[in-house]
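One structure is given below, represented as structure tokens, and several questions about it will come after.
For the single chain, residues carry numbers from 1 onward in sequence order. Computed from heavy atoms alone, side chains included, the values below leave out hydrogens, waters and symmetry copies.
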Amino acid sequence: MSESEQLSFAQLALSAPVLKALTDVGYETPSPIQAETIPLLLEGRDVLGQAQTGTGKTAAFALPALSNIDIKQQDPQILVLAPTRELAIQVAEAFQKYAKHIKGFNVLPIYGGQEYGGQIRSLKRGVHAVVGTPGRVMDHIRKGTLKLDGLKTLVLDEADEMLRMGFIDDVEWILEQTPKTRQIALFSATMPTQVRRIATAHLSNPAQVTIKMKTATAEKIRQRFWPVSGMHKLDALTRILEAETFDGMIIFVRTRIVTVELAEKLSARGFAATALNGDIPQAQRERTVEQLKKGKLDILVATDVAARGLDVERISHVVNYDIPHDTEAYIHRIGRTGRAGREGDAILFVAPRERRMLNAIERATNSKIELMELPSTELINDKRIAQFKQAIANTLATEDLGLFKHLIEQYQNEHNVPAIEIASALAKLVQGDSPLLLQHKPVPRSDKAWESRDNDKPRSRDRGAERPPRQRKDAPPEKGLQRFRVEVGHIHKVMPGNLVGAIANEAGIDSQNIGRINIFDDHSTIDLPADMPEDIFASLKKVWVAGQTLNISREGEAPKAPSKRSPARRNDDDRGRVFDEDKPKRAFKGTRDAGDKPVKKAKPGVKARERERQKAAAKAKAKTATAKAKKAKVAGKAKKKSNGKPTL
């Protein structure tokens, strides 16, 4: 489908409140997966979608689900399962954004590491949509706090990732608890055998949607990204604009409102910038583009739709101030530079929570996006000084200064002030209140996790590929990792996926950054980042997996005795945990393993049994002696009575 033939959201039969919310956020045209999936879900069909992260899947299932919502029904009508807490939060926020004009709509994210009390109270008050990780969703279903009788739509987001993290059995159990009339949408970047088996078993005549990724990008476009967590985006953008040598630039943002706000802020900082969005009349947009071509403007702050098809030779840089909502939008954006064989630069701002989208963009463009360093304060100040000197030189060369020379000479004679001091005062007068030089502030360095992103590459699924030699169990950890010991092993029936899922969710450590796992009889070892913060290390000690606390310790250190406190009172990981606010009921006695099967109590050891036997024997002996003494006393009383002697 060409750009000119592309559908608009208004043509997809979405509800009026949902369309109004899309207009507010500036979305006008659906991505390919949205255009194909939304009509199918609105019809009530089950959908099996294969698409990479970053293609717009969230809106593809959220928009039709919200359009079919019954706001009067307070029990959950939508359930979305996500592999990680970060994704669950993002999806819940997206639902809230798209339901902005649906009065009374409530969505609840539920995931491990969060207190149960707040989740239970929200569920009792009533929610229309629940977004959660499989382990925590299972807990609420078993407890009876999450009722699925009125469920209309179930979404499995990133099913292959849930399989890789060991959640697939949990997902199947949840599917079995849902009503047969519910609609299912399953999305996965790849289709492993187990994911296809679930689709065959639980989806009813599903429509299959496959989105092929575009990988063509201009070879002469240099792509860089800046992680914006350490500095405000506007400050980072200002530094880049001052340090980069550019001719013309387009700065892409998500919404029309932000185009105006950002253009005004840049203009206030001395840049020739203006907004370009769909609300601006066509004639004015054409004049703006013409000004950019002629050099009267240097920067356009634009939305995707407004800049589509824009071809201006002067555009040397594209800045993605807001990361695009799908990879195709990114490819369209950076295509505004590097045209007709020219070189270009593309810069992408990425927040920590948007790292998954960065990986998706790299896969879509088939290229590694390099990490850029923000220019230092010294570099910015050197450039400002050079520009100041150049402005003086240009003025001396091109302007008629006769009148001003006469006035300065007059002032010098009247006040006996050196010419250099007069020139300094005039420079200060021209500069105004804004300082010429930046105050020295250290530029925040990028986090090490951003620098070592080679671990983020998806694992190869080519069975025929040559595999690296298997590492020995005693092989040292890889660079940047440290070996830790956890007190759970084969006797507890733990699997690597249980450990990865628990640690990834509780510590917020990307599963790709978890190293080698060795499982022994009564404990396991796991390689984790060496610079793991102490607060995360402390929280991992309390995580329950396979009915045991991890009680994590650094290898070589003696582990502390595990807490005897019941797992029912802990606020830990999704997996390996039974909860209750007060006291576990009979149906939930004991602990459970990561797959929620009851764990049998361990039999006492030999010494313990011997102690119990000795204790029982001593108790029986004491009881016998007491009985004999009592009998003898009674017999003595009877004898004295028969002799006629009074008893005392």
Side-chain angles (χ1 to χ4, degrees), residues 14-15 18 37-38 40-49 57-83 87-89 91-96 98-99 102 104-111 116 119-159 162 167-188 195 198-207 574 596:
L14 295 168
S15 67
V18 171
T37 303
I38 289 173
L40 295 169
L41 292 177
L42 287 173
E43 292 173 9
R45 295 281 304 276
D46 284 1
V47 170
L48 177 61
K57 297 196 305 292
T58 303
F61 61 73
L63 299 179
L66 288 170
S67 295
N68 291 331
I69 203 84
D70 180 2
I71 203 66
K72 294 180 181 178
Q73 180 184 326
Q74 291 299 310
D75 288 335
Q77 299 170 54
I78 304 166
L79 174 62
V80 182
L81 297 180
L87 184 57
I89 292 170
V91 172
E93 289 176 348
F95 267 94
Q96 198 67 55
Y98 300 142
I102 302 177
F105 175 81
N106 291 307
V107 59
L108 176 67
I110 57 176
Y111 49 85
Y116 274 96
Q119 295 177 359
I120 292 172
R121 285 191 294 273
S122 296
L123 288 168
K124 285 181 178 178
R125 283 194 296 267
V127 295
H128 300 93
V130 172
V131 186
T133 49
R136 184 57 64 97
V137 169
M138 286 178 68
D139 283 343
H140 280 293
I141 293 174
R142 292 191 169 199
K143 178 65 177 175
T145 50
L146 175 58
K147 296 178 173 60
L148 301 180
D149 298 337
L151 189 70
K152 293 181 179 179
T153 303
L154 173 64
V155 179
L156 307 181
D157 197 6
E158 300 195 10
M162 286 192 276
F167 286 118
I168 208 69
D169 292 337
D170 299 357
V171 170
E172 286 203 84
W173 185 90
I174 293 169
L175 283 166
E176 291 168 359
Q177 314 309 311
T178 59
K180 299 298 182 185
T181 55
R182 81 282 186 257
Q183 179 186 40
I184 299 180
L186 187 155
F187 293 96
S188 185
V195 173
I198 287 178
T200 303
H202 297 280
L203 274 67
S204 175
N205 188 28
D574 281 348
D596 291 291

Next item on the list: Begin with the C-alpha distance, continue with both residues' side-chain angles, and end with the deciding distance and a verdict on side chain to side chain contact (heavy atoms under 4.5 Å, CB included) for Leu175 and Ile184.
Entry: CA-CA 9 Å; Leu175 283 166; Ile184 299 180; 3.8 Å; yes

Next item on the list: Check whether any side-chain heavy atom of Leu42 sits under 4.5 Å from a side-chain heavy atom of Asn68, and report yes or no.
Entry: yes

Next item on the list: Check Arg45 against Pro206 and note the closest heavy-atom contact, atom names and distance.
Entry: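 Between these two residues, the closest heavy atoms are NH2-C, 4.0 Å.
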
Check: Is there a side chain to side chain contact (heavy atoms under 4.5 Å, CB included) between Asp139 and Leu146 once you walk through the steps?
Finding: CA-CA 9 Å; Asp139 283 343; Leu146 175 58; over 6 Å; no

Check: For the side chain of Thr153 and the backbone of Ile78, is there at least one donor-acceptor N/O pair under 3.5 Å apart?
Finding: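 No: the side chain of Thr153 does not pair with the backbone of Ile78.
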
Checklist line | Gap between atom NE2 of His128 and atom CD of Gln73 - 0.5 Å precision | finding: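 If we round to the nearest 0.5 Å, Gln73:CD and His128:NE2 are 8.0 Å apart.
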
Margin query: Taking the side chain as everything from C-beta on, heavy atoms only, tell me whether Val131 gets closer than 4.5 Å to Asp157.
Written below: no

Checklist line | side chain to side chain contact (heavy atoms under 4.5 Å, CB included) evaluation trace for Thr145 with Tyr116 | finding: CA-CA 10 Å; Thr145 50; Tyr116 274 96; over 6 Å; no

Item checked: 4.5 Å side-chain heavy-atom contact, Arg142 and Gln177 ->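 Not in contact.
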
Check: With no hydrogens and no angle check, is any side-chain donor or acceptor of Arg136 less than 3.5 Å from a backbone partner on Thr133?
Finding: no

Checklist line | Interatomic spacing from CG in Leu41 to CD in Gln183 - rounded to 0.5 Å | finding: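 It comes to 5.0 Å.
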
Check: Under a 4.5 Å cut-off applied to non-hydrogen side-chain atoms, are Leu123 and Val130 in contact?
Finding: yes

Note to self: Just so I know, are the side chains of Leu186 and Val195 near enough to count as touching, which here means a heavy-atom distance under 4.5 Å?
What the structure shows: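 Yes - at least one pair of side-chain heavy atoms lies under 4.5 Å apart.
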
Margin query: Give me the atom names and distance for the closest heavy-atom approach of Pro76 to Lys147.
Written below: CD-O, 3.6 Å

Next item on the list: Could you label the plane-to-plane angle of the Phe61 and Phe187 rings as parallel, tilted or perpendicular, counting under 30° as parallel and over 60° as perpendicular?
Entry: tilted

Margin query: Minimum heavy-atom separation for Ser122 and Val127, please, with both atom names.
Written below: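 Reported closest heavy-atom pair: O-CG1, 3.7 Å.
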
Note to self: If you compare all heavy atoms of Ile71 against all heavy atoms of Gly104, which two are closest, and at what distance to 0.1 Å?
What the structure shows: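 Here Ile71 and Gly104 meet closest at CD1-C, 3.8 Å.
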
Next item on the list: To the nearest 0.5 angstrom, please state how far the CD1 atom of Ile174 sits from the CG atom of Leu151.
Entry: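 Output value for this atom pair is 11.0 Å.
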
Check: About how many Å separate CG of Asp70 and CG of Asp75, when rounded to the nearest 0.5 Å?
Finding: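 So the CG of Asp75 and the CG of Asp70 are separated by 11.0 Å.
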
Check: Do Ile120 and His140 have side-chain heavy atoms sitting under 4.5 Å apart?
Finding: yes

Margin query: As an exercise, state the distance from OG of Ser67 to CG of Leu14, rounded to the nearest 0.5 Å.
Written below: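 It is 4.5 Å, given to the nearest 0.5 Å.
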
Item checked: Closest non-hydrogen atom pair between Ala88 and Ala82, with its separation -> N-CB, 4.0 Å

Note to self: Minimum heavy-atom separation for Ala159 and Ile168, please, with both atom names.
What the structure shows: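 Heavy-atom minimum between the residues: O-CD1, 4.3 Å.
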
Next item on the list: To the nearest 0.5 angstrom, please state how far the CG atom of Asn106 sits from the CZ atom of Arg125.
Entry: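 It is 8.5 Å, given to the nearest 0.5 Å.
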
